[in-house]
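Keep in mind the model is a prediction, meaning the values are calculated, not measured.
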Amino acid sequence: MKLATFNNNTADGQLVVISNDGTRFAPAGTSMQAALENWASFEASLEAISTALNNGTLAGQTVQTTKLCAPLPRAWQWLDGSVYKSHADLMGAVTGMEVKTLEGRPLMYQGLSDTFLSATADVPMASEADGIDFEGEFGIIVDDVPMGVTPEQARQHIKLIVQINDWSLRAYSGPEISTGFGWIHAKPPCSVAPFAVTPEELGEHWENCQVQLRLNIEWNGKKFGHAHGGHMQYGFDELVAHAARTRNLVAGTVIGSGTVSNYEYREVGSSCIAERRGIELLDQGEAKTGFMHYGDTVRMEARTPDDQVVFGAIEQKVTQPGS
């Protein structure tokens, strides 16, 4: 099942069901947040709409992605992991700083969740000097998760899978990390691809609670990376269990994978500029690729090997505030 949120000029938008090919939609009569809070009550009706759209008994309306919000325009909680070891190892080699983690405990921080940008919205950034960077990720959305769940139990609480651009301002990253107190300025709102899909919709491309697809990224129309999502050190089931170790997770909590990365980064490219710069520093002695400028565009999309739409594309432009 594929879901999205139509922009009806309310804070949470209107939940809509999307056809499997991503071309048509039908309203579901609620919001995404309400459906997640009452998933057992809404699931059957959402499935019925999806079936009708896909077998042609319900015509639906034509999807225009510019009229869609992020699947969750705002959320109670956004927890972002960093579980691609190739990315951590590369950044550690570049900075000389080894990130120390406890055995079995993935890296995770709590970020800004009151705004998730749509996949087509222009993105105002305060200054080009802030080191504007994109970060391609996959993520999941849960229903209510009780404290202390095991990874096996956590799997049943993963209701939706999403694709995320976790915007970063690199000029702030180092100074804020050094305080040991967490990120504020380094992490503006994330952007999310238009469609959220159920694990069943991904089928064989959802294995070990990881997205087994390549994340294709273009910067200013040029290919930048196509790293594969299935190289996580911890699956999303383990991330949910980690997040719920000492607290309940409310329905609508979004959990990210961190920057998608593979050890073959010289061949498959990267999902963020910082990683590209790290490779240049190791190979050439200096980072030659700059960060983003006003007017730059980024495009991110994951498709199946037979070229089927999954989450839809994130296609955005960086702009000056107020422009």
Asker: Is there a donor-acceptor pair under 3.5 Å between the side chain of Arg214 and the backbone N or O of His226?
Answerer: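 Present.
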
Asker: Given a cutoff of under 4.5 Å between side-chain heavy atoms of I, L, V, M, F, W and Y, with clusters grown through shared members, what are the other residues clustered with Val250?
Answerer: Trp76

Asker: Sequence neighbours left out, what passes ring pair (Phe, Tyr, Trp, His ring centres under 6.0 Å) with His157? Give chain and number order.
Answerer: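 Ring pair (Phe, Tyr, Trp, His ring centres under 6.0 Å) check on His157 returns nothing, list empty.
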
Asker: With salt bridge (charged side-chain N to carboxylate O under 4.0 Å, His left out) as the rule and sequence neighbours excluded, what pairs involving residues 116-134 come up?
Answerer: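 Found Asp133-Arg170.
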
Asker: Mind jotting down which residue pairs meet the salt bridge (charged side-chain N to carboxylate O under 4.0 Å, His left out) criterion with at least one end in residues 270-279? Sequence neighbours excluded, please.
Answerer: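 Every candidate salt bridge (charged side-chain N to carboxylate O under 4.0 Å, His left out) pair involving residues 270-279 fails, so no pair, neighbours aside, qualifies.
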
Asker: Is there a donor-acceptor pair closer than 3.5 Å between any side-chain N or O of Glu47 and the backbone N or O of Phe42?
Answerer: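 Absent.
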
Asker: With a 3.5 Å distance limit and no angle check, can you tell me whether Thr30 reaches the backbone of Ala34 through a side-chain donor-acceptor pair?
Answerer: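 Flag not set: sc Thr30 to bb Ala34 has no pair under 3.5 Å.
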
Asker: Could you list all the salt bridge (charged side-chain N to carboxylate O under 4.0 Å, His left out) pairs where at least one residue sits in residues 238-267, not counting sequence neighbours?
Answerer: Arg266-Asp283

Asker: Listing request: all salt bridge (charged side-chain N to carboxylate O under 4.0 Å, His left out) pairs with a residue in residues 290-303, at least two apart in sequence or in separate chains.
Answerer: Arg299-Glu301, Arg299-Glu315, Glu301-Arg303, Arg303-Asp307

Asker: Using 0.5 Å steps for rounding, measure from the CD1 atom of Ile273 to the CD1 atom of Ile132.
Answerer: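 If I round to the nearest 0.5 Å, the distance is 9.0 Å.
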
Asker: Without hydrogens or angle criteria, can the side chains of Ser113 and Gln77 be said to hold a donor-acceptor pair below 3.5 Å?
Answerer: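 No, Gln77 and Ser113 have no side-chain donor paired with an acceptor closer than 3.5 Å.
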
Asker: For His242, give me all partners under ring pair (Phe, Tyr, Trp, His ring centres under 6.0 Å), at least two apart in sequence or on another chain.
Answerer: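 Result, ring pair (Phe, Tyr, Trp, His ring centres under 6.0 Å) vs His242: none returned.
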
Asker: Under 4.5 Å between side-chain heavy atoms, chaining through other members, with only Ile, Leu, Val, Met, Phe, Trp and Tyr counted: pull out the rest of the cluster around Val268, sorted by chain and number.
Answerer: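 None; Val268 is a cluster of one.
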
Asker: Look at the side chain of Arg24 and the backbone N and O of Leu53, then say whether any donor-acceptor pair between them is shorter than 3.5 Å.
Answerer: yes

Asker: Are the side chain of Asn54 and the backbone N or O of Asn20 linked by a donor-acceptor pair below 3.5 Å?
Answerer: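 Checking the backbone N and O of Asn20 against the side chain of Asn54, a donor-acceptor pair under 3.5 Å is found.
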
Asker: Restricting to pairs with a member in residues 257-296, which pass ring pair (Phe, Tyr, Trp, His ring centres under 6.0 Å), not counting sequence neighbours?
Answerer: none

Asker: Check whether the side chains of Thr289 and Glu280 place a donor and an acceptor atom closer than 3.5 Å, and report yes or no.
Answerer: yes

Asker: With sequence neighbours left out, which residue pairs that include part of residues 173-204 fulfil the ring pair (Phe, Tyr, Trp, His ring centres under 6.0 Å) condition?
Answerer: Tyr109-Trp183, Tyr172-His185

Asker: Taking atom CD of Glu204 as the centre, report whether more than 12 heavy atoms of other residues, nucleotides or ligands fall under 6.0 Å from it.
Answerer: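 Incorrect, the count does not exceed 12.
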
Asker: Can you list the residues that meet the salt bridge (charged side-chain N to carboxylate O under 4.0 Å, His left out) rule with Arg74, with sequence neighbours excluded?
Answerer: Asp12

Asker: Counting N and O atoms only, with roles assigned by atom type, does the side chain of Gln212 sit under 3.5 Å from a partner on the main chain of Glu207, one being a donor and the other an acceptor?
Answerer: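 Pair found, side chain donor or acceptor close to backbone of Glu207.
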
Asker: Is it true that a side-chain atom of Ser257 and a backbone atom of Gly139 form a donor plus acceptor pair closer than 3.5 Å?
Answerer: no

Asker: May I have all residue pairs that pass side chain to side chain donor-acceptor pair (under 3.5 Å) and include part of residues 63-72, sequence neighbours excluded?
Answerer: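 Every candidate side chain to side chain donor-acceptor pair (under 3.5 Å) pair involving residues 63-72 fails, so no pair, neighbours aside, qualifies.
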
Asker: With distance as the sole test, does Ser86 use its side chain to make a donor-acceptor pair with the main-chain N or O of Ser261 at under 3.5 Å?
Answerer: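 Looks like yes, one N/O pair under 3.5 Å.
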
Asker: Among Val197, Ile158, Leu213, which residue satisfies the side chain to side chain contact (heavy atoms under 4.5 Å, CB included) criterion with Trp206?
Answerer: Ile158

Asker: Step through the shown structure and confirm whether more than 12 heavy atoms of other residues, nucleotides or ligands are within 6.0 Å of CD1 on Ile184.
Answerer: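 No - once you tally the heavy atoms of other residues, nucleotides and ligands closer than 6.0 Å, there are 12 at most.
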
Asker: Over 60° means perpendicular and under 30° means parallel, so classify the ring planes of Trp219 and Phe134, tilted if in between.
Answerer: perpendicular

Asker: Return the minimal non-hydrogen interatomic distance between Ala241 and Pro151, and the atom names on each side.
Answerer: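 Heavy atoms only, the tightest pair is CB-N, 3.8 Å.
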
